[in-house]
Amino acid sequence: MFKNYLGMIMLSEDTRDMGSLTNCRPIAAIPIGARYRIIDFILSNMVNGGIQNIGVFMQDNCRSLFDHLGTGKPWDLDRNTDGLFLFNFYANDSREFDSRMIKNNMEYFYRSRQENVIIASSYMICNIDFNEVINNHEKSGKDITIVYKKVKDGDENFLNCDVLNIDGENRVLSVGKNLGAEKEVNISMEILLMKKKFLVDLIYEFIKRGNFCSLKNFIYKNIKDYSVNAYEFTGYLRCVNSVNQYYEANMDLLDNKVIQELFFKNGNIYTKIKHEPPTRYLSLSKVSNSLIANGCLVEGTVENSIVARHVKIHKNAVVKNSIILQNCEICEGAHLNYSILDKNIKIFKEVFLRGVEHFPLVIRKNSTVDAFEEE
């Protein structure tokens, strides 16, 4: 039954609050947890749910994402029948992306043998059992099912996410925005299920009306015209739609309970494999409560931090509460606290970088830093 669903991962995501992290990549391609990319979670969720036909619809600046996904082999999607399909399109106006991208690739839907569709974004980090979601959707008999989570920290997290207004029979009445005014809200996880024929009809109506919005928002604006079911997800969820939420999502991974749920509860999370030697820890190194990927050299101190591949941390260097991405070098005597270093950054000797917990300092990719001093 579950093989009768195809997956659509739509990357028309709002990057306005992601700073320099999305200058040369979409949110889906941002590294997370030392060795993964954000898209790995939803992609693995779909594969674990038995979905064998997945299309990724992306905008420009996607070189790193193409490189990461490749043929889809890590997710067992390098198939002769079905598999992973990558669609790339550049639009001058991001509001045109969904309509023009889908219009130009309608043949994908016509050729697909599946009769049902799961539409999702990449930046909702979770490990969800799609078998349960599909069963709930088909039992409901509704046109559409939207997955949501009832959160109790809506005034601090999930800002600018969609909020579902639901009646006592799990019917979606309307969709709004979370502006942080209430603590308890029903956050849409931007996962929608429907029949493929229903989606194709919806797309033609979407294009005919000339709406300059995403397909998701078109559905939300006309939600009273459809019967819409709500499915409640009760597991771990984090939306990576800002620098702060990206930082918090990484720090969550230092909690063993989060790791166990996010990476193992409903199936493993897969990523592109890179064969590298183990990290080398020298005699002066001190490491506590941190995730450190393979291929690193650690001679200094690392506390409460996420360190990606091929990072060098020299003696007397201190890294605390920070995220260090691939190929960075922290020279002797440098100190980092509440900082995010993008790829290929060199921090020179005796440099001090310090952000704050809810506003981490972000250093742009391919930078060298030798002019920061602690006050």
Side-chain angles (χ1 to χ4, degrees), residues 1-13 42 45-46 49-55 57 97-99 101-103 105-122 124 126 128-150 161-177 185-234:
M1 177 177 66
F2 306 123
K3 293 181 180 180
N4 200 24
Y5 281 76
L6 67 86
M8 290 176 61
I9 302 177
M10 304 296 296
L11 302 187
S12 51
E13 299 161 334
I42 188 61
N45 290 170
M46 287 183 172
I51 300 170
Q52 299 177 350
N53 182 355
I54 300 176
F57 295 80
F97 171 72
D98 276 18
S99 59
M101 166 65 84
I102 294 172
K103 179 183 177 182
N105 293 286
M106 288 300 293
E107 190 172 355
Y108 170 64
F109 302 102
Y110 295 139
R111 288 192 175 188
S112 299
R113 57 191 176 88
Q114 290 78 12
E115 297 177 356
N116 304 282
V117 181
I118 297 178
I119 304 173
S121 300
S122 73
M124 291 288 180
C126 65
I128 186 169
D129 185 353
F130 272 117
N131 294 334
E132 292 185 4
V133 182
I134 290 170
N135 280 326
N136 179 272
H137 170 63
E138 297 193 349
K139 286 180 181 179
S140 75
K142 299 291 195 297
D143 294 330
I144 303 171
T145 289
I146 302 177
V147 182
Y148 76 98
K149 179 177 173 62
K150 183 179 292 185
C161 289
D162 299 318
V163 175
L164 303 186
N165 299 307
I166 304 168
D167 68 11
E169 298 180 353
N170 283 329
R171 291 180 300 187
V172 181
L173 304 177
S174 61
V175 183
K177 283 287 182 183
V185 288
N186 299 320
I187 296 296
S188 168
M189 293 172 59
E190 301 186 20
I191 297 174
L192 294 83
L193 289 76
M194 65 193 75
K195 290 188 177 297
K196 185 174 70 174
K197 183 180 184 305
F198 180 86
L199 174 63
V200 170
D201 292 341
L202 200 66
I203 289 170
Y204 279 122
E205 183 67 20
F206 172 57
I207 295 171
K208 183 177 74 174
R209 294 192 192 181
N211 283 269
F212 291 100
C213 63
S214 68
L215 177 62
K216 175 197 70 175
N217 288 334
F218 176 78
I219 294 172
Y220 289 168
K221 288 179 179 179
N222 299 280
I223 206 159
K224 292 183 179 180
D225 297 337
Y226 321 118
S227 59
V228 183
N229 174 52
Y231 173 86
E232 183 179 2
F233 172 70
T234 57

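Because only heavy atoms are used, hydrogens play no part in the values below, and waters and symmetry mates are left out as well, while side chains stay in. Residue numbers start at 1 and run along the sequence shown.
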**Asked** Can any side-chain N or O of E13 pair as donor or acceptor with the backbone N or O of S122 at less than 3.5 Å?
**Response** yes

**Asked** So do the side chains of R113 and N4 get within less than 4.5 Å of each other, counting heavy atoms only?
**Response** no

**K150: side chain to side chain donor-acceptor pair (under 3.5 Å) partners, not counting sequence neighbours** = none

**Request:** Go through the structure and list residues passing side chain to side chain donor-acceptor pair (under 3.5 Å) with Y226, not counting sequence neighbours.
**Result:** none

**Message:** Do N229 and N136 pair up side chain to side chain, a donor and an acceptor below 3.5 Å, judged on atom types alone?
**Reply:** yes

**Request:** Could you list the residues that satisfy side chain to side chain donor-acceptor pair (under 3.5 Å) with Q114, not counting sequence neighbours?
**Result:** N53, D82

**Prompt:** Does D143 reach the main-chain N or O of V228 with its side chain, forming a donor-acceptor pair under 3.5 Å?
**Reply:** no

**Prompt:** For E169, what residues pass the side chain to side chain contact (heavy atoms under 4.5 Å, CB included) criterion, not counting sequence neighbours?
**Reply:** D167, R171

**Residues in side chain to side chain donor-acceptor pair (under 3.5 Å) contact with D129, at least two apart in sequence or another chain** = none

**Prompt:** Using a distance-only test with no angle check, is there a side-chain donor-acceptor pair under 3.5 angstrom linking E115 and Y5?
**Reply:** no

**Request:** Determine yes or no for a side-chain-to-main-chain donor-acceptor pair under 3.5 angstrom, with Y231 supplying the side chain and H137 the backbone.
**Result:** no

**Asked** Of all residues at least two apart in sequence or in a different chain, which pass the side chain to side chain contact (heavy atoms under 4.5 Å, CB included) check with D162?
**Response** V175, K177, S188, E190, K216, Y220

**Prompt:** Heavy-atom distance under 4.5 Å between the side chains of I118 and I51, does that happen here?
**Reply:** yes

**Message:** Is there a side-chain contact between M106 and I203 in this structure, where contact means two heavy atoms from C-beta onward sitting under 4.5 Å apart?
**Reply:** yes

**Request:** Kindly compute the distance separating CD1 (I128) from CG (N45), expressed to the nearest 0.5 Å.
**Result:** 7.0 Å

**Request:** Return yes if some donor-acceptor pair links the side-chain N/O of K142 with the main-chain N/O of M194 below 3.5 Å, else return no.
**Result:** no

**Request:** Enter the distance from C126:SG to M189:CE here, rounded to the nearest 0.5 Å.
**Result:** 3.5 Å

